[in-house]
Amino acid sequence: MAKSKVLIVGGTGYIGRRLVGASLDQDHPTYVLQRPEIGLDIEKLQMLLRFKRRGAQLVEASFSDRRSLVDAVRLVDVVICAMSGAHLRSHNILMQLKLVEAIKEAGNVKRFLPSEFGMDPALMGHAIEPGRVTFDEKMKVRKAIEEAKIPFTYISANCFAGYFVGNLSQMSSLTPPKDTVYLYGDGNVKAVYLDEDDIATYAIKAIDDPRTLNKTVYLRPPENILSQRQLVEMWEKLSGKTLEKRSVSAEDFLASMKGLDYAQQVGVGHFYHIFYEGCLTNFEIGEDAEEASQLYPEVQYTRMDEYLKIFA
């Protein structure tokens, strides 16, 4: 079967650049949206040109020009959006509604993967303010996709290793603490951690798979289901250094939100649901969903002890 042609929107972003690489690695004809809004951002332009040298085709289109978006979508079979939903970077989730309209008008897309890649928003209706905005907006996009009868796959990729592993899930740094690590509660609530390159590999594998059509695909590789305390113990073994461990109660953690800026408050809310509530692992995967490592056992996903070695 011929490989689907793939258009990646947000291809210069944190996850987007990895999706472009994975699409090329898996021999898909790969198109990357080049938006005139990048202006004088030389790093984005140079990244796009590197993709072009690897064989990707650059497609000029703008979210302010519907016709250009429709024309771009008509070139391909699959559209993947990786526009940022993180308040610490940029936050563009609802811009996808214009992309949904373009896909609907084009009428040729066999699969759309919207910008999700984190917690499953369908399970986060109870999320606290202000962090719930991320999930509410993703659900608005899902509603538009499903009302337009666009074939979809939703990717729930849990905790990005770059933001949650090297720092042992501390909120103030991206590298391991030197002396003291703060544990959320007793540190024993399980989360799921993924190397970002593996997220992209699994996502691209799903696009032509009939088993993932109109389903959520959870990335839950069994050896990467770990508690924060287990992550700390991995680091201590690698570094040969024992850290002082201080437990933070749920009440004190939520109280720390006061005085923080909006983006930091969103982050505190998300960390609360992950590390106190266990929202990534406190449910069984149902019949309307799939688990990626079971679908694609050939993927040699990165284990977190291996990931941490670079920091030692």
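Note that the numbering runs from 1 along the sequence shown for the chain.
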Do NZ/NE/NH1/NH2 and the carboxylate oxygens of Arg142 and Asp120 come within less than 4.0 Å? yes
Result of checking Lys205, Arg54, Arg18 against Asp25 for salt bridge (Lys or Arg N to Asp or Glu O under 4.0 Å): Arg54
Report yes or no: does Asn224 contribute a side-chain atom to a donor-acceptor pair with the main-chain N or O of Tyr193 at less than 3.5 Å? yes
Looking at Ile42, I want to see if its CD1 is surrounded by more than 12 non-hydrogen atoms of other residues, nucleotides or ligands under 6.0 Å. yes
Start with the C-alpha distance between Gln57 and Val32, add both sets of side-chain angles, then the distance that settles side chain to side chain contact (heavy atoms under 4.5 Å, CB included), and finish with yes or no. CA-CA 6 Å; Gln57 296 194 49; Val32 184; over 6 Å; no
Check for me, please, whether Trp235 and Met171 land in the same ILVMFWY cluster - side-chain distances under 4.5 Å, paths through other members count. yes
The test is side chain to side chain donor-acceptor pair (under 3.5 Å); show your working for Tyr272 and Glu277 and say whether it passes. CA-CA 7 Å; Tyr272 171 78; Glu277 188 179 272; 5.4 Å; no
So do Phe112 and Gln96 actually touch side chain to side chain, heavy atoms under 4.5 Å? yes
Could you check whether any side-chain N or O of Gln170 sits under 3.5 Å from a backbone N or O of Ser173, counting only pairs where one atom can act as donor and the other as acceptor? no
Looking only at atom types and distance, does a side-chain atom of Gln26 sit under 3.5 Å from a main-chain N or O of Thr201, one as donor and one as acceptor? yes
Is it true that Tyr184 and Tyr182 have ring centroids separated by less than 6.0 Å? no
If we only count heavy atoms from C-beta on, is the Val78 to Val109 side-chain gap below 4.5 Å? no
Atom CD of Glu60: over 12 foreign heavy atoms under 6.0 Å: no
Criterion side chain to side chain contact (heavy atoms under 4.5 Å, CB included) on Asp41 and Thr12, from CA distance to verdict: CA-CA 11 Å; Asp41 191 330; Thr12 60; over 6 Å; no
For a side chain to side chain contact (heavy atoms under 4.5 Å, CB included) check, start with the C-alpha distance between Arg246 and Val181, then their side-chain angles and the critical distance, and finish with the verdict. CA-CA 6 Å; Arg246 295 183 184 176; Val181 62; over 6 Å; no
With a 3.5 Å cut-off and no angle check, do the side chains of Thr153 and Arg111 form a donor-acceptor pair? yes
Considering all heavy atoms of both residues, which atom of Lys245 and which atom of Val232 are nearest to each other, and what is their separation? CE-CG1, 4.0 Å
Parallel, tilted or perpendicular for Phe164 and Phe271, by the 30°/60° rule? parallel
Rounded to the nearest 0.5 angstrom, the CD-SG distance for Gln228 and Cys159 is 10.5 Å
Closest non-hydrogen atoms of Leu280 and Arg220, given as atom of the first, atom of the second and distance, are O-NH2, 3.2 Å
Calculate, to the nearest 0.5 Å, the distance between atoms CD and NZ belonging to Glu147 and Lys104 respectively. 8.5 Å
Side-chain donor/acceptor of Asn167 to backbone N/O of Tyr163, under 3.5 Å: yes
For Tyr154 and Phe152, take the angle between the two ring planes, folded into 0 to 90°, and tell me which bin it lands in: parallel under 30, tilted 30 to 60, perpendicular over 60. parallel
If the test is ring-ring contact (aromatic ring centres under 6.0 Å, His included), which one of Tyr202, Phe117, Phe283 qualifies with Tyr218? Phe283
Are Val6 and Ile207 close enough that some pair of their side-chain heavy atoms sits under 4.5 Å apart? yes
Can a donor-acceptor pair be found, under 3.5 Å and without considering hydrogens, that links the side chain of Ser115 to the backbone of Met83? yes
May I have the step-by-step check of salt bridge (Lys or Arg N to Asp or Glu O under 4.0 Å) for Asp209 and Arg211, ending in yes or no? CA-CA 5 Å; Asp209 190 341; Arg211 297 172 295 179; 2.8 Å; yes
Would you indicate whether Lys241, at its atom NZ, is surrounded by more than 12 heavy atoms from other residues, nucleotides or ligands within a distance under 6.0 Å? yes
Working note: Lys140 + Asp136, criterion salt bridge (Lys or Arg N to Asp or Glu O under 4.0 Å); need CA distance, chi angles, decisive distance, verdict. CA-CA 6 Å; Lys140 286 181 184 176; Asp136 290 344; over 6 Å; no
Please check: side-chain N/O of Asn92 versus main-chain N/O of Met95, any donor-acceptor pairing under 3.5 Å? no
Quick check for you: to the nearest 0.5 Å, what is the distance between Ile103 atom CD1 and Asn108 atom CG? 9.0 Å
Quick one: do Glu196 and Arg17 make a salt bridge, cutoff under 4.0 Å? no
Given side chains that start at C-beta, do those of Met119 and Thr134 come closer than 4.5 Å, heavy atoms only? no
Pro130 to Met257 - nearest heavy-atom pair and separation: CD-SD, 4.0 Å
Counting N and O atoms only, with roles assigned by atom type, does the side chain of Ser156 sit under 3.5 Å from a partner on the main chain of Gly118, one being a donor and the other an acceptor? yes
Evaluate the side-chain proximity of Leu58 to Leu33: yes if any heavy-atom separation is below 4.5 Å, no if none is. no
Exam field: side chain His28 to backbone Ser4, donor-acceptor pair closer than 3.5 Å: yes
Can you confirm whether more than 12 heavy atoms, excluding those of Glu284, are under 6.0 Å from its CD atom? no
For Tyr31 and Phe51, I'd like to know if the aromatic rings sit close, meaning centre-to-centre distance below 6.0 Å. no
Roughly how far, to the nearest 0.5 Å, is CG of Leu168 from CD of Glu233? 11.5 Å
Can the ring centres of Phe253 and Tyr276 be said to be less than 6.0 Å apart? yes
Give a yes or no on whether the backbone of Ile93 and the side-chain of Lys138 come within a donor-acceptor separation of less than 3.5 Å. no
How long is the gap from OH on Tyr296 to CG on Leu219, to the nearest 0.5 Å? 9.5 Å
Nearest non-hydrogen partners of Asn214 and Pro151, listed with the distance: OD1-CA, 3.4 Å
Between the side chains of Tyr301 and Asp195, is a donor N or O closer than 3.5 angstrom to an acceptor N or O? no
For the student: nearest non-hydrogen atoms of Ile80 and Ile204, plus distance: CD1-CD1, 3.6 Å
Do Glu291 and Gln294 make a side-chain contact, defined as non-hydrogen atoms from C-beta onward lying under 4.5 Å apart? yes
Around atom CD of Glu129, are there more than 12 heavy atoms of other residues, nucleotides or ligands at under 6.0 Å? yes
Would Arg66 and Lys98 count as a side chain to side chain contact (heavy atoms under 4.5 Å, CB included) here? Give the steps. CA-CA 8 Å; Arg66 179 176 174 136; Lys98 293 183 178 180; over 6 Å; no
Exam field: side chain Arg74 to backbone Val70, donor-acceptor pair closer than 3.5 Å: no
How close do Leu69 and Ala102 get, heavy atom to heavy atom, and via which atoms? CB-CB, 3.8 Å
Pair Ser62-Glu37, side-chain donor/acceptor within less than 3.5 Å: yes
Apply the test salt bridge (Lys or Arg N to Asp or Glu O under 4.0 Å) to residues Arg229 and Glu236: give CA-CA distance (whole Å), side-chain angles for both, the deciding distance (0.1 Å), then the verdict. CA-CA 10 Å; Arg229 188 176 289 275; Glu236 289 179 330; over 6 Å; no
Distance (rounded to the nearest 0.5 Å) between Leu308 CG and Arg303 CZ: 14.5 Å
